[in-house]
Number of protein chains: 2
Amino acid sequence: MNRILICDDEKDIVRAIDIYLKAEGYDTVKAYNGSEALKLLKDDKDIRLVIMDIMMPEMDGIEALSELRKFSNVPVIFLTAKSEDADKILGLNLGADDYITKPFLPAELTARVRSALRRYTMLGSISTEKTVISVGSISLDDPAKEVRVDGDIVNLTKTEYEILKLLMQEPGKVFAPGEIYTKVWGDDPYGTENTVAVHIRRLREKIEIDPAKPRYLKVVWGRGYKIEGGSR
Amino acid sequence: MNRILICDDEKDIVRAIDIYLKAEGYDTVKAYNGSEALKLLKDDKDIRLVIMDIMMPEMDGIEALSELRKFSNVPVIFLTAKSEDADKILGLNLGADDYITKPFLPAELTARVRSALRRYTMLGSISTEKTVISVGSISLDDPAKEVRVDGDIVNLTKTEYEILKLLMQEPGKVFAPGEIYTKVWGDDPYGTENTVAVHIRRLREKIEIDPAKPRYLKVVWGRGYKIEGGSR
DNA sequence: ACCCAAATGAACAGGATACTGATATGTGAT
DNA sequence: ATCACATATCAGTATCCTGTTCATTTGGGT
């Protein structure tokens with residue numbers, strides 16, 4: 001989920017922005033001056049964007065930004081009154097990512113928010129999705145398509161990999177063979193019950209020490225298969 | 001050096017921007033319509049920023065941007081006439097990074113340019129400071145366009161170089177042949193699967209000791225290729 | 001303990017994918 | 001114009017993956 005921090009001393013503006021963003025499906029956090037915003041940002045590392053007024057009591061936007069940049073690269077969009085050109089440029093050089101002049105159109109706000117979030121996640125320093133899933137001593141690195149068991153690389157085929165990934169995304173959950181088929185093959189399962197079973201067996205040969213007594217890839221009779229951390 | 005592409009059909013504007021940017025120490029490249037700009041961007045991967053008008057003959061800014069995004073994440077700043085609000089927002093959603101309304105102040109232009117470049121280099125894996133990427137005993141010096149394996153210079157062609165650079169920017173990550181094609185050629189992959197494979201082979205002949213048993217440039221069956229340091 | 005359904009194990013043939021060598025086309029330099 | 005080099009295309013081969021079949025074992029309900 002994309003969480004956005006809104007910071008302005010005028011509560012009406014905060015509330016308005018809050019409504020626009022919530023309508024677009026974003027999660028929001030509110031602050032009413034710079035130091036409050038900083039405190040929230042230090043605590044909550046899941047905030048992916050900051051929208052902040054420049055003129056605020058206690059600690060203004062410029063100062064807050066220069067403090068913020070000491071510990072985070074989170075994108076910041078400044079709100080400015082119409083004619084503060086000097087502030088605009090100053091803010092941009094300090095490391096703000098964008099600014100919006102008040103008053104603004106809702107559509108412009110959401111467009112800039114989308115754009116800023118897109119940049120942040122696309123350039124990929126902090127990606128939204130977890131790239132490595134691990135259960136017990138199995139780890140799955142998705143971009144590298146690499147699976148390790150007890151630190152050793154195991155070579156899985158594409159299908160085996162997809163099945164393992166599916167199970168590992170929700171450890172403990174039982175997947176019926178038909179469900180696995182639909183998710184992995186993207187097709188209706190019809191007379192293919194055994195297909196999944198065969199791949200499960202091959203998977204076990206590769207990731208289990210004793211395939212007959214699986215540590216991880218367990219069967220639930222009449223229901224399906226699941227992945228489970230060996231310790232529980 | 002930061003190279004910037006300026007693209008507008010009004011030659012006076014291009015010249016004006018050119019002067020501003022040269023005065024700030026930037027390197028510039030000029031184009032007068034979208035397709036010209038695209039051609040330049042495909043050939044010259046060192047362009048770090050694009051400043052482009054929305055309204056242009058031949059191929060307009062919006063179309064050029066959507067083509068561009070298929071093979072590059074280079075930041076784009078749009079130029080717009082004063083009241084084209086609809087275009088503004090459309091452009092931002094497509095992946096533009098900023099826009100400037102005409103007429104604009106020189107100071108505002110340079111501020112936005114600095115800001116866009118800062119974002120691109122700070123957040124990206126493609127940073128200006130990290131000019132040399134190395135994986136295992138392969139090193140790639142981008143400004144010098146020089147590749148060394150175990151200290152010896154190897155002569156790569158442009159295509160080979162671009163492929164290697166793409167893979168080395170994210171070591172371990174698997175790139176599908178089609179993905180490599182779009183990123184390097186800047187075109188849609190259609191019946192070109194073998195093309196990539198052949199270049200991979202050429203690359204291996206040059207950087208691997210035994211191309212049949214590659215140390216670095218590995219294949220992941222049914223997935224694509226990746227570069228990996230032999231030791232990890 | 002019995003039976004049936006579900007799960008496992010092994011082997012095989014067809015299919016898909018990647019690699020290789022040869023050839024044709026394009027491009028820039030001399 | 002010619003040459004050298006880079007690039008694209010093609011066909012053949014090797015390799016690996018996949019889904020099937022069939023026999024066997026395991027588990028649970030009665």
Side-chain angles (χ1 to χ4, degrees), chain A residues 145 147 154-164 167 174-227, chain B residues 39 42-44 145 147 154-164 167 174-227:
Chain A
K145 304 279 179 286
V147 175
V154 287
N155 266 339
L156 299 184
T157 71
K158 200 173 167 182
T159 337
E160 287 157 8
Y161 180 89
E162 293 299 335
I163 293 176
L164 182 62
L167 297 187
V174 177
F175 291 85
E179 194 181 349
I180 294 175
Y181 194 87
T182 323
K183 293 265 171 60
V184 174
W185 276 261
D187 216 340
D188 294 325
Y190 169 74
T192 58
E193 302 295 300
N194 258 19
T195 305
V196 172
V198 168
H199 285 281
I200 291 287
R201 178 190 133 246
R202 286 184 181 144
L203 245 177
R204 286 217 262 245
E205 278 176 359
K206 290 179 179 177
I207 66 172
E208 299 283 3
I209 297 164
D210 182 3
K213 288 165 196 156
R215 283 190 299 168
Y216 302 112
L217 216 175
K218 295 184 176 159
V219 65
V220 179
W221 252 81
R223 295 260 186 263
Y225 301 93
K226 66 173 172 178
I227 274 276
Chain B
K39 205 175 295 170
K42 280 178 187 171
D43 284 348
D44 188 348
K145 302 277 177 281
V147 175
V154 287
N155 266 338
L156 299 184
T157 71
K158 197 173 170 185
T159 323
E160 287 157 7
Y161 179 87
E162 291 299 335
I163 293 176
L164 182 62
L167 296 186
V174 176
F175 292 84
E179 194 181 349
I180 294 175
Y181 194 87
T182 39
K183 292 267 169 60
V184 174
W185 277 260
D187 221 335
D188 294 324
Y190 170 72
T192 59
E193 303 294 300
N194 258 20
T195 305
V196 172
V198 169
H199 284 282
I200 292 287
R201 172 179 141 231
R202 290 261 152 76
L203 247 176
R204 279 190 181 143
E205 281 173 359
K206 290 179 180 177
I207 65 172
E208 300 281 2
I209 296 165
D210 182 2
K213 286 166 198 157
R215 282 190 301 168
Y216 301 112
L217 215 175
K218 295 184 177 159
V219 64
V220 180
W221 251 85
R223 286 259 142 79
Y225 301 94
K226 67 174 170 180
I227 215 119

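Order of the sequence lines fixes the chain letters, A, B, ..., with proteins taken first and strands second; residue numbering starts at 1 for each chain. These numbers come from a predicted model, not from an experiment. All heavy atoms count here, side chains included; hydrogens, waters and symmetry mates do not.
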Take the protein atom [atom1] of [X] and the nucleotide atom [atom2] of [N], then report the distance between them rounded to whole Å.
X	N	atom1	atom2	value
A/Tyr190	D/dG19	OH	P	17 Å
A/Ile163	D/dG19	CD1	C1'	12 Å
B/Ile200	C/dA18	CD1	P	11 Å
B/Asn155	D/dA4	CG	C1'	14 Å
A/Leu203	D/dG19	CG	P	13 Å
B/Tyr161	D/dA6	OH	C1'	18 Å
A/Ile180	D/dG19	CD1	C1'	16 Å
B/Glu162	D/dA6	CD	P	15 Å

Indicate whether OP1 or OP2 belonging to [N] is found under 4.0 Å from a side-chain N or O atom of [X].
X	N	answer
B/Thr157	D/dC5	no
B/His199	D/dA8	yes
A/Trp185	D/dG19	yes
A/Thr195	D/dT20	yes
B/Thr159	D/dT7	yes

Determine the minimum heavy-atom distance between [X] and [Y], stating which atoms define it.
X	Y	value
B/Pro211	B/Pro214	O-CD, 3.6 Å
B/Glu160	B/Lys206	OE1-NZ, 2.8 Å
B/Gly224	B/Pro177	CA-CD, 3.9 Å

- [ ] Verify side chain to side chain contact (heavy atoms under 4.5 Å, CB included) between A/Lys158 and B/Trp221, making sure each step is shown before the conclusion.
- [x] CA-CA 7 Å; A/Lys158 200 173 167 182; B/Trp221 251 85; over 6 Å; no
Open item on the list: Quick check: on DNA chain D, is the nucleotide nearest B/Tyr181 upstream (toward 5') of the one nearest A/Leu156, or the reverse? Name the residue that is more 5'.
Closed with: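 Per heavy-atom nearest nucleotide, the more 5' residue is B/Tyr181.
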What's touching nucleotides 22-30 of chain C from the protein side, N or O pairs under 3.5 Å?
none

Under the side chain to side chain contact (heavy atoms under 4.5 Å, CB included) rule, collect the residues that match up with [X], sequence neighbours excluded.
X	answer
A/Thr182	A/Pro189
A/Lys145	A/Asp142, A/Tyr161, B/Val174, B/Val220, B/Arg223
B/Asp188	B/Lys70

Task: Shortest side-chain distance from B/Tyr225, nucleotide among C/dC19, D/dG19, D/dT7 - done: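 Output: C/dC19.
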- [ ] Report the residue (B/Arg223 or A/Val219) whose heavy-atom-nearest nucleotide on DNA chain C is the more 5′ of the two.
- [x]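 Upstream on the strand: A/Val219.
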Open item on the list: Go nucleotide by nucleotide along DNA chain C from the 5' end; which of A/Pro214 and A/Lys158 gets its closest nucleotide reached first?
Closed with: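 Residue closer to the 5' terminus by nearest nucleotide: A/Pro214.
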Task: ring-ring contact (aromatic ring centres under 6.0 Å, His included) involving A/Trp185 - partner list, sequence neighbours excluded - done: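 Result, ring-ring contact (aromatic ring centres under 6.0 Å, His included) vs A/Trp185: A/Tyr181, A/His199.
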TODO: Test A/Ile207 against A/Leu164 for side chain to side chain contact (heavy atoms under 4.5 Å, CB included), laying out the working first.
DONE: CA-CA 10 Å; A/Ile207 66 172; A/Leu164 182 62; 4.3 Å; yes
Open item on the list: Using a heavy-atom cut-off of 4.0 Å across all strands, would you classify B/Ala197 as base, sugar-phosphate, or nothing?
Closed with: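 Touches nothing.
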Open item on the list: Heavy atoms only, 4.0 Å cut-off, all strands: where does B/Thr192 land among base, sugar-phosphate and nothing?
Closed with: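 No contact at all - B/Thr192 keeps every heavy atom at 4.0 Å or more from the nucleic acid.
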TODO: Scan nucleotides 22-30 of chain D nucleotide by nucleotide, 5' to 3', and note B when protein non-hydrogen atoms come under 4.0 Å of the base, S if they reach only the sugar-phosphate, - if neither.
DONE: B---BS---
